[in-house]
Amino acid sequence: MQATLPRRILTTPTAGPLAALLLACVFFAFKSDQFLTGGNFSLIIQQVMVVGTLAIGQTLIILTAGIDLSNGAIMAFGGIVMTKLAVESGLPPLLAIAAGLVVCAAFGLANGLLVMKINLPPFIVTLGMLNVVFALTHIYSQDQTVTNLPPEMTFLGQTFRIGGTNVTYGSLLTILLFLLFAYLLGQTAWGRHVYALGNSAEVARLTGIRTNRLLVGVYTVAGLVYGIAALLLVSRTGVGDPQAGQTDNLDSITAVVLGGTSLFGGRGTVLGTLIGALIVGVFRNGLQLMGVPSIYQTLITGILVILAVTVDQLSRRRTR
């Protein structure tokens, strides 16, 4: 048992991403005196909390061997719905937030039904939904940014102190969401069924799992998570922005892949996704502190994604 425990730890999907994150932190600590400070780490978490929350929903869908290209657009539309209802329609802020969450969940439900009922590839369904929701966002908002938000909508952007560091309530909510879904995936029957569905939908169906209902449920839950990401975005920026989230779908996929979740489904963890999101945040923050132009930050992120997918593919070949 003692001999196999270190091997089991090293072969977990999160071992590689965690090692990469630690090495990146060590590297940037030597390159910048500002890196290893509480304020800087708080800033990194704030910078990744929206994409990280989107990546939770993306993880759920990728675990089922799907993918969601529409999550950033759904988040943007949810943010516009919340803010316009509260500011322009006079709806109580909490009800406006609830309406935005419901709308995002409804789009997730629509994605799931299209994938399940028509048997279309998730890539095609969510690519089409991306364009639909993007257009609806601009039509509904009339390309106008919503300002003067009530304090209830920006509360998660406020801070509290831990030691000498200011931490936003949104950052705390993001961490709690990761812990919640880590528990759901790792310790519940629902989570085991999600993994089974991603490994083989037909085998899962033959074992008695209601795969169609489960698949639709996963997309709906993911949509709800995108609604929470919308609230986090609104609270951080203080506005409802119709231009928001245009590249966040790709950033969320990047976080999932870097966190060790297989694009082929059935393997990965939501805590790995958190590590993946932090890897992106640490690299961008560290390179910025070093004065590296942003285009090179994008270049390095792309290289990391290719390396992560390559490692996943080689790992799958060895296990066949």
Exercise. Got a sec, which residues hit ring pair (Phe, Tyr, Trp, His ring centres under 6.0 Å) with Phe160, two or more places apart in sequence or on another chain?
Worked result: Tyr169
For this session: Sequence neighbours left out, what passes ring pair (Phe, Tyr, Trp, His ring centres under 6.0 Å) with Phe181? Give chain and number order.
Result: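 For Phe181 there are no ring pair (Phe, Tyr, Trp, His ring centres under 6.0 Å) partners, ignoring immediate neighbours.
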Atom [atom1] of [X] and atom [atom2] of [Y]: how far apart are they, to the nearest 0.5 Å?
| X | Y | atom1 | atom2 | result |
| --- | --- | --- | --- | --- |
| Ile228 | Leu173 | CD1 | CG | 6.5 Å |
| Leu156 | Ile97 | CG | CD1 | 8.0 Å |
| His138 | Ile80 | NE2 | CD1 | 8.5 Å |
| Leu63 | Leu185 | CG | CG | 6.0 Å |
| Glu152 | Leu231 | CD | CG | 11.5 Å |
| Thr64 | Asn199 | OG1 | CG | 11.5 Å |

For this session: Show the numbers, then the answer: is there a side-chain contact (heavy atoms from CB on, under 4.5 Å) between Ile253 and Leu69?
Result: CA-CA 9 Å; Ile253 295 170; Leu69 299 178; 3.9 Å; yes
[X] atom [atom1], neighbour heavy-atom count above 12 within 6.0 Å:
| X | atom1 | value |
| --- | --- | --- |
| Tyr140 | OH | yes |
| Asp33 | CG | no |
| Ile295 | CD1 | no |
| Gln158 | CD | yes |

For [X] and [Y], work out which heavy atoms get closest and say how close.
| X | Y | value |
| --- | --- | --- |
| Ile61 | Ile67 | CG2-N, 3.5 Å |
| Gly227 | Leu101 | C-CD2, 3.3 Å |
| Pro93 | Ala86 | CA-CB, 4.5 Å |
| Gly260 | Pro17 | N-CG, 3.9 Å |
| Thr273 | Ala55 | CG2-CB, 3.4 Å |
| Gly170 | Leu232 | CA-CD2, 3.6 Å |

By side chain to side chain donor-acceptor pair (under 3.5 Å), which residues pair with [X], not counting sequence neighbours?
| X | answer |
| --- | --- |
| Gln142 | none |
| Ser252 | Gln58, Asn71 |
| Gln246 | Gln243 |

According to a 4.5 Å side-chain heavy-atom criterion applied to Ile, Leu, Val, Met, Phe, Trp and Tyr, with indirect links allowed, do [X] and [Y] form part of one hydrophobic cluster?
| X | Y | value |
| --- | --- | --- |
| Phe77 | Val50 | yes |
| Val203 | Leu197 | no |
| Val133 | Val51 | no |
| Val257 | Leu23 | no |
| Leu22 | Val26 | no |

Would you say that [X] contacts [Y] through its side chain, given a criterion of any heavy-atom pair below 4.5 Å between the two side chains?
| X | Y | result |
| --- | --- | --- |
| Val48 | Val280 | no |
| Ile175 | Leu177 | no |
| Leu289 | Lys31 | no |

For this session: Sorted by first residue and then second, give each ring-ring contact (aromatic ring centres under 6.0 Å, His included) pair with at least one member in residues 272-302; sequence neighbours left out.
Result: Phe28-Phe283
Problem set entry | Qualifying residues under salt bridge (charged side-chain N to carboxylate O under 4.0 Å, His left out), relative to Asp241, sequence neighbours excluded | none
Problem set entry | Listed partners of Arg192 passing salt bridge (charged side-chain N to carboxylate O under 4.0 Å, His left out), at least two apart | none
Exercise. Is there a donor in the side chain of Ser42 and an acceptor in the side chain of Thr165, or the other way round, less than 3.5 Å apart?
Worked result: no
Exercise. For Ser171 and Thr168, does a side-chain donor sit closer than 3.5 Å to a side-chain acceptor?
Worked result: yes
Seminar exercise, completed: Contacts satisfying side-chain hydrogen bond (donor to acceptor under 3.5 Å, both in side chains) that involve residues 79-91 (not counting sequence neighbours) are Lys84-Glu88
Donor-acceptor pairs under 3.5 angstrom involving side-chain atoms of residues 102-124: please list them, not counting sequence neighbours.
| unit_1 | atom_1 | unit_2 | atom_2 | d |
| --- | --- | --- | --- | --- |
| Asn111 | ND2 | Ser70 | OG | 3.2 |

For this session: Decide yes or no on side-chain contact (heavy atoms from CB on, under 4.5 Å) for Val146 and Val239, but give the supporting numbers first.
Result: CA-CA 6 Å; Val146 184; Val239 298; over 6 Å; no
Exercise. Does Gly272 offer a backbone N or O that forms a donor-acceptor pair with the side chain of Thr269 under 3.5 Å?
Worked result: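 Yes, Thr269 side chain to Gly272 backbone: donor-acceptor pair under 3.5 Å.
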For this session: Using modelled atom types only, decide if a donor and an acceptor are shared between the side chain of Ser235 and the backbone of Thr154 within a distance under 3.5 Å.
Result: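 Side chain of Ser235 to backbone of Thr154, a donor-acceptor pair under 3.5 Å: no, none is there.
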Exercise. When you look at Arg161 and Val167, which way does the side-chain contact (heavy atoms from CB on, under 4.5 Å) test go after all the steps?
Worked result: CA-CA 6 Å; Arg161 294 185 70 82; Val167 179; over 6 Å; no
Problem set entry | Non-neighbouring partners of Arg236 that pass side-chain contact (heavy atoms from CB on, under 4.5 Å), sequence neighbours left out | Gln46, Gln47, Met49
For this session: Evaluate the criterion side-chain contact (heavy atoms from CB on, under 4.5 Å) for residue pair Leu287 and Asn285; output intermediate values, then yes/no.
Result: CA-CA 6 Å; Leu287 292 172; Asn285 176 268; over 6 Å; no
Exercise. Can you list the steps and then say if Asp68 with Asn249 is a side chain to side chain donor-acceptor pair (under 3.5 Å)?
Worked result: CA-CA 7 Å; Asp68 191 351; Asn249 55 349; over 6 Å; no
Let me have the donor-acceptor pairs involving side chains of residues 210-224, under 3.5 Å, with sequence neighbours excluded, atom names and distances please.
| unit_1 | atom_1 | unit_2 | atom_2 | d |
| --- | --- | --- | --- | --- |
| Thr220 | OG1 | Val216 | O | 2.8 |

For this session: Please assess Phe41 against Phe35 for the test ring-ring contact (aromatic ring centres under 6.0 Å, His included), listing each intermediate value before the final yes or no.
Result: CA-CA 8 Å; Phe41 279 115; Phe35 184 79; 5.4 Å; yes
